[in-house]
Amino acid sequence: MLCEECRKHQANVHVTQVLNGERTEKNLCEHCAQAMGELDLAGLGSGSFNINNLLAGIMSMEQGSLALKSRGLACATCGMDYRRFAEGGRLGCADCYQTFSRQLAPLLKRIHGTPTHQGKLPSRGALSVNRKRHLSRLKGELKAAVEQEHFERAAEIRDQIKRVEQGG
Amino acid sequence: MDCRAKWVAGGETSDPIVISSRVRLARNLKGIPFPGAMSSKEGSEVLSRVATLLEQKAPHGYEVFYMAKMPQVERLALVEEHLISYDLANKTEGAVAISRDGATSVMLNEEDHLRIQALLPGLSLEEAWQTADSCDDFLEAELDFAFHEDYGYLTACPTNVGTGMRASVMLHLPALVESRQIGRLLAAIGQFGLMARGLYGEGTEAKGSIFQISNQVTCGIAEDEIVRNLKAVVEQIKAQEQAHLQKMVALQRAKIEDRVYRALGLLTNARVLDSSEAMVLLSELRLGVSAGLLSLPVGVLSELLVLMQPGVLQTVNKVNLDALERDIKRGEIVRRRLLEVLGREKQ
Ligand SMILES: [Zn+2]
Ligand SMILES: [Zn+2]
Ligand SMILES: [Zn+2]
């Protein structure tokens, strides 16, 4: 979500201030948090910074436009509908990621940057991902080999790519 | 008088600044809706499948605790030992499998079907990741997890998707708090994809200068990179804390020494000790150790941090206590333990 002060940068600090017994909470970017001078430690201490609040913030901002387009959209497997997801921030089942893929794409991008999984793969059931990763690594090597004019090596890699693409 | 959690009990650590490291992996079983949307029959199915596996086949041996069968005070104790979350403690379908060595706990039917977490003393993120990873390997050999080709491991909340990994450290940063650098510092970690929060805060105060720092992004970045990033930032924060502490001591040694030994005097003599006073005083001792003014094994300070919490206090001592009785018991436990280790240090 965006900083509540400048509305320009990503908010990543949750600040609680107690002034004359009145409690205010704000999500700020680091610039604005710094500009507030001594950050109220009490705020950080209250432990109220919660990534789910952040998510709720993002959701409520996007709700206006998306909710309209998504009215009536529900997951066939678990029954979760978009409104309930937008309110609670939780999906009902794995298939929800398919059902709400259009709504989720910008959200995931906002949260994670590039939402393409890197890292661990399940030992079973991720063969195609493994192959995709292997291929993209080989293609990178091929490009480097061509650039460096190592044409023999390039030919070898090309053969390897062919084998992976055919056989799996 | 024992805690189960390894970060508390087997706490062989000499690091006064980094109290503990944790890696948590979120996983869901294929074909069953996430806990928020599943039926209670499906909930029991998750429990019986995963709990049986961990109890009967896991290499290190796990003991399973069912929330529905546990008195509230014992559930609270597990929360205080950081073995389960507060959310899980209140779920009737919930359970936790805890490894015999207290380093791994697998929460079942929390927000996701499985939350595998490894929790170790000191700055040991790589080791925590390896521990969680091998538990995940074991489970994965028997179970099919919900996985998406692009998004990775699927979780109930889109903020956990991908690696499903949340790595975090618990830090004691009194010098940065007192020099008023902490706000700026914690704000700046946002640019590294990390987030911070105060721990043990009641109401509006951060008691004991303890903070938790964790990764915010879980997708598009590999696990070992998450660990590397977090570790690099933590090492810098640690260095800054040490620098500020040294400056404080250089400027006003007598005053700081006085503070530390006053805290020690209170903790080894108080007869009624409430938890917020104990938090603040234990933080002073930790600062003393960190500054080299006091010789005390820091593991004991972590242990007391947990032993003094109301749930653990009553569970380990097998008694139900009202608030005043708890404060008396707390005073007794802290006093005894400190005198015991101080006696040992002198020999
Ligand atoms: Zn701002
Ligand atoms: Zn800004
Ligand atoms: Zn669904």
Side-chain angles (χ1 to χ4, degrees), chain A residues 10-16 18 23 28-31 33-34 36-52 54-55 77-80 88-94 96-98 104 107-108 111-126 128-129 132, chain B residues 28 30-34 36-37 111 133 136-137 140-141 144-159 161-163 165 177 180 182-184 186-191 193 195-201 203-207 211 216-226:
Chain A
Q10 200 70 11
N12 43 33
V13 188
H14 183 91
V15 185
T16 310
V18 181
R23 193 181 159 97
L28 300 177
C29 71
E30 63 209 69
H31 313 281
Q34 272 187 45
M36 277 177 73
E38 307 305 347
L39 241 187
D40 188 0
L41 246 198
L44 287 161
S46 68
S48 51
F49 179 88
N50 184 328
I51 187 144
N52 298 325
L54 206 65
L55 180 68
T77 310
C78 72
M80 176 67 68
R90 301 293 183 284
L91 294 157
C93 74
C96 287
Y97 278 90
Q98 228 45 64
L104 277 170
L107 187 67
L108 289 171
I111 302 169
H112 300 289
T114 316
T116 306
H117 177 56
Q118 307 288 324
K120 191 167 183 174
L121 300 173
S123 48
R124 296 178 291 171
S128 59
V129 188
K132 242 193 255 173
Chain B
N28 286 284
K30 208 168 160 181
I32 300 179
F34 301 145
E111 187 182 291
D133 186 30
D136 182 50
D137 283 344
E140 204 153 61
D144 278 317
F145 290 145
F147 186 85
H148 186 282
E149 289 209 348
D150 298 321
Y151 298 152
Y153 290 98
L154 298 179
T155 52
C157 184
T159 54
V161 81
T163 55
M165 174 161 159
V177 169
R180 300 183 153 260
I182 191 82
R184 215 163 49 103
L186 295 185
I189 69 166
Q191 71 198 53
M195 57 186 175
R197 67 185 186 107
L199 282 188
Y200 298 107
T204 53
E205 262 176 276
K207 295 247 163 58
F211 299 87
Q216 190 164 5
V217 171
T218 58
C219 190
I221 175 170
E223 294 87 352
D224 52 354
E225 209 182 328
I226 293 176

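In what follows, every chain begins at residue 1, and chains take the letters A, B, ... in the order their sequences are listed.
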Most chain B-contacting option - heavy-atom pairs closer than 4.5 Å, from A/Cys93, A/Gly119, A/Gly79: A/Cys93

field: B/Asp133 backbone acceptor or donor facing A/Lys120 side chain under 3.5 Å
entry: yes

- request: For chain A, find which of B/Asn28, B/Asp136, B/Ile32 contributes the most heavy-atom pairs closer than 4.5 angstrom.
  value: B/Asp136

- prompt: According to the interplanar angle, ranging from 0 to 90°, do the rings of B/Tyr151 and A/Tyr97 count as parallel (below 30°), tilted (30 to 60°) or perpendicular (above 60°)?
  reply: tilted

Contacts of type side chain to side chain contact (heavy atoms under 4.5 Å, CB included), residue A/Gln98, not counting sequence neighbours: B/His148

task: Please answer whether the main-chain N or O of B/Pro158 pairs with a side-chain N or O of A/His112 as donor and acceptor at a distance below 3.5 Å.
output: yes

message: If I measure from the heavy atoms of chain A, does B/Asp224 come under 4.5 Å with its side chain, its backbone, both, or neither?
response: neither

statement: Residues at least two apart in sequence or cross-chain that pass side chain to side chain contact (heavy atoms under 4.5 Å, CB included) with A/Thr114, listed by chain then number, are A/Thr116

field: Proximal component of B/Phe145, with respect to chain A [non-hydrogen, under 4.5 Å]
entry: neither

field: Interface residue of largest heavy-atom contact number with chain A, from B/Ala37, B/Ala222, B/Ala141, B/Gly193, under 4.5 Å
entry: B/Ala222

- prompt: Considering all heavy atoms of both residues, which atom of B/Cys157 and which atom of A/Arg90 are nearest to each other, and what is their separation?
  reply: CB-CD, 3.8 Å

task: Quickly, which of B/Val161, B/Thr159, B/Val217, B/Thr218 forms a side chain to side chain contact (heavy atoms under 4.5 Å, CB included) with A/Ile111? Name it, please.
output: B/Thr159

